[in-house]
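Reading through the structure tokens given below for one structure.
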Amino acid sequence: VLRDHLFFARYFFKVREGVRFRVNWHHKRVCDALEDVIQGKIKRLIINVPPGSSKTELAVITLISRGLAINPRARFLHLSYSSELAELNSAKAKELVLSTEYQSLFPLPIKSDSNARGRWNVVGEDGVSIGGCYATSTLGQVTGFRAGHMAEGFQGAIIIDDPLKPQDSLSKTKRDQVNNAYINTVQSRKASPDTPVIVIMQRLADEDLTGFLLGGGDGHEWHHVKIPAINDEGESYWADKEPIDTLLKLKEKGNFTFEGQYQQNPYVLGGELLR
């Protein structure tokens, strides 16, 4: 079940939800990039995908639970625009780890006092906390916790899923707060220079966290996976779930929102298209 990321996601999605995971080509592309992160081939990864693309399932819930199966010492810092959302994602990963099916394959006891949805740990044979997860908002308190370890192999990651609320995307103050929080606080939460950082989100503005980082905001190069809802041939990226007629109607109703959240090509605020 650990043979690849997508197989693990499909297997435990059926366990959790009682229905099979409907695989599309973009799931494989996202999982291939995440697999490269686990293998140490990618240290900084940005994935831009439309809403409803299973990004949280693959990049948060599956990555945390599979990462702990690979290495019970792995430590994850998970951030989103609201602490409630981040904690919900963390709780789903924890429930997966606690499931009978997971424990039968990977017996990892959860520390008895890990009752908070936002922070929980697995314990070793001596009862000492080893790996685990801490989840909060992008602008929340993250000092006192570090993702990863100073060791060889996959040791965990910082996972940032939708760092900016869509309603805040037009506010330069809000955008700057998120971008500055990444520079001043979040990136320092790596226990090792090799601890990977994953940003997975729908585009909201030219100066959102994706635009900031791809523009050299942190001084590093990022591996970028961009998946628009409508490709260059005018076809839906996931016809079974998002028929092209539905996508075209969404585009007609709000081209500004559609170009950003669905096409991953946000307008530059002020009227010009992103180059």
Side-chain angles (χ1 to χ4, degrees), residues 8-9 12 15-16 34 37-38 45 55-103 106-151 153-165 177-178 181-192 194-201 209:
F8 187 99
F12 282 104
V15 168
R16 288 172 44 239
L34 293 170
V37 169
I38 292 171
L45 173 65
K55 66 179 176 58
T56 301
E57 184 71 33
L58 299 176
V60 183
I61 299 169
T62 298
L63 185 60
I64 292 172
S65 55
R66 181 171 178 244
L68 287 168
I70 292 170
N71 178 9
R73 287 179 51 81
R75 294 189 303 192
F76 295 89
L77 174 61
H78 170 46
L79 306 174
S80 189
Y81 65 79
S82 79
S83 58
E84 291 81 6
L85 182 57
E87 290 173 5
L88 176 61
N89 297 337
S90 171
K92 289 181 178 179
K94 179 182 176 182
E95 289 168 5
L96 194 161
V97 171
L98 286 172
S99 69
T100 301
E101 291 81 359
Y102 185 99
Q103 289 293 323
F106 317 106
L108 298 177
I110 300 292
K111 192 173 182 180
S112 59
D113 62 356
S114 296
N115 295 321
R117 297 195 308 171
R119 186 160 191 168
W120 50 275
N121 295 94
V122 299
V123 295
E125 294 180 357
D126 55 2
V128 175
S129 297
I130 44 177
C133 178
Y134 177 44
T136 187
S137 70
T138 313
L139 302 178
Q141 178 68 35
V142 297
T143 55
F145 183 92
R146 292 186 184 275
H149 290 281
M150 290 286 292
F154 182 69
Q155 300 290 331
I158 296 175
I159 308 172
I160 305 172
D161 181 8
D162 284 339
L164 183 66
K165 186 187 300 184
Q177 283 179 340
V178 170
Y182 178 82
I183 292 296
N184 297 327
T185 306
V186 175
Q187 68 172 351
S188 69
R189 295 297 88 199
K190 299 191 296 181
S192 163
D194 291 330
T195 300
V197 181
I198 300 160
V199 177
I200 185 161
M201 60 183 288
L209 185 58

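Please read these numbers as outputs of a predicted model, since none were measured by experiment.
- Counting only distance, with no hydrogens or angles, the side chain of Arg146 and the backbone of Leu77 share no donor-acceptor pair below 3.5 Å.
- Taking CD1 of Ile158 as the start and CG of Leu79 as the end, the distance is 7.5 Å to the nearest 0.5 Å.
- Taking 4.5 Å as the limit, every side-chain heavy atom of Arg16 sits out of range of all side-chain heavy atoms of Ser99.
- Rounded to the nearest 0.5 Å, atoms CG (Leu85) and OG (Ser90) are 11.0 Å apart.
- Trp120 contributes atom CH2, which lies 10.5 Å from atom CD of Glu95 (distance to the nearest 0.5 angstrom).
- Between Leu164 and Leu209, the closest side-chain pair of non-hydrogen atoms is not below 4.5 Å.
- A heavy-atom distance below 4.5 Å is found between the side chains of Asp162 and Lys55.
- Nearest heavy atom pair, residue Ala181 against residue Leu139, reads CB-CD2, 3.7 Å.
- For residues 129-139, the set of pairs meeting the side-chain hydrogen bond (donor to acceptor under 3.5 Å, both in side chains) definition, not counting sequence neighbours, comprises Lys111-Ser129.
- Identified under the salt bridge (charged side-chain N to carboxylate O under 4.0 Å, His left out) test for residues 67-82, with sequence neighbours left out: none.
- The two residues Thr195 and Ala157 make their nearest non-hydrogen contact at CG2-CA, 4.1 Å.
- Contact check for Leu68 versus Phe106: no side-chain heavy atoms found under the 4.5 Å cut-off.
- Shown here is Lys92, whose NZ atom has no more than 12 heavy atoms of other residues, nucleotides or ligands within 6.0 Å.
- In this structure the side chain of Leu63 reaches within 4.5 angstrom of the side chain of Ile38, judged on heavy atoms.
- When all heavy atoms are compared, the tightest approach of Pro107 to Pro109 is O-CD, 3.6 Å.
- The backbone N or O of Thr62 sits less than 3.5 Å from a side-chain atom of Ser65, completing a donor-acceptor pair.
- Listed here is the closest heavy atom pair of His78 and Cys133: CB-SG, 4.4 Å.
- Within the model, atoms OG of Ser80 and CD1 of Ile200 stand 11.5 Å from one another, a figure rounded to the nearest 0.5 Å.
- When every heavy atom of Phe76 is checked against every heavy atom of Ile64, the shortest pair comes out as CE1-O, 3.7 Å.
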Does the pair Leu108 and Tyr102 meet the rule for a side chain to side chain contact (heavy atoms under 4.5 Å, CB included), with working shown? CA-CA 9 Å; Leu108 298 177; Tyr102 185 99; 3.7 Å; yes

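- A pairwise comparison of heavy atoms in Gly156 and Pro196 identifies O-CD, 3.2 Å as the closest pair.
- Inter-residue side-chain proximity for Lys190 and Val197 is flagged as met; some heavy-atom pair is nearer than 4.5 Å.
- Taking CZ from Phe8 and CG from Leu34, the interatomic distance works out to 13.0 Å, rounded to the nearest 0.5 Å.
- Using a 4.5 Å heavy-atom cutoff, the side chains of Phe12 and Ile61 are not in contact.
- Proximity of Asn71 to Gln155: side-chain heavy atoms (C-beta onward) are separated by under 4.5 Å at one or more points.
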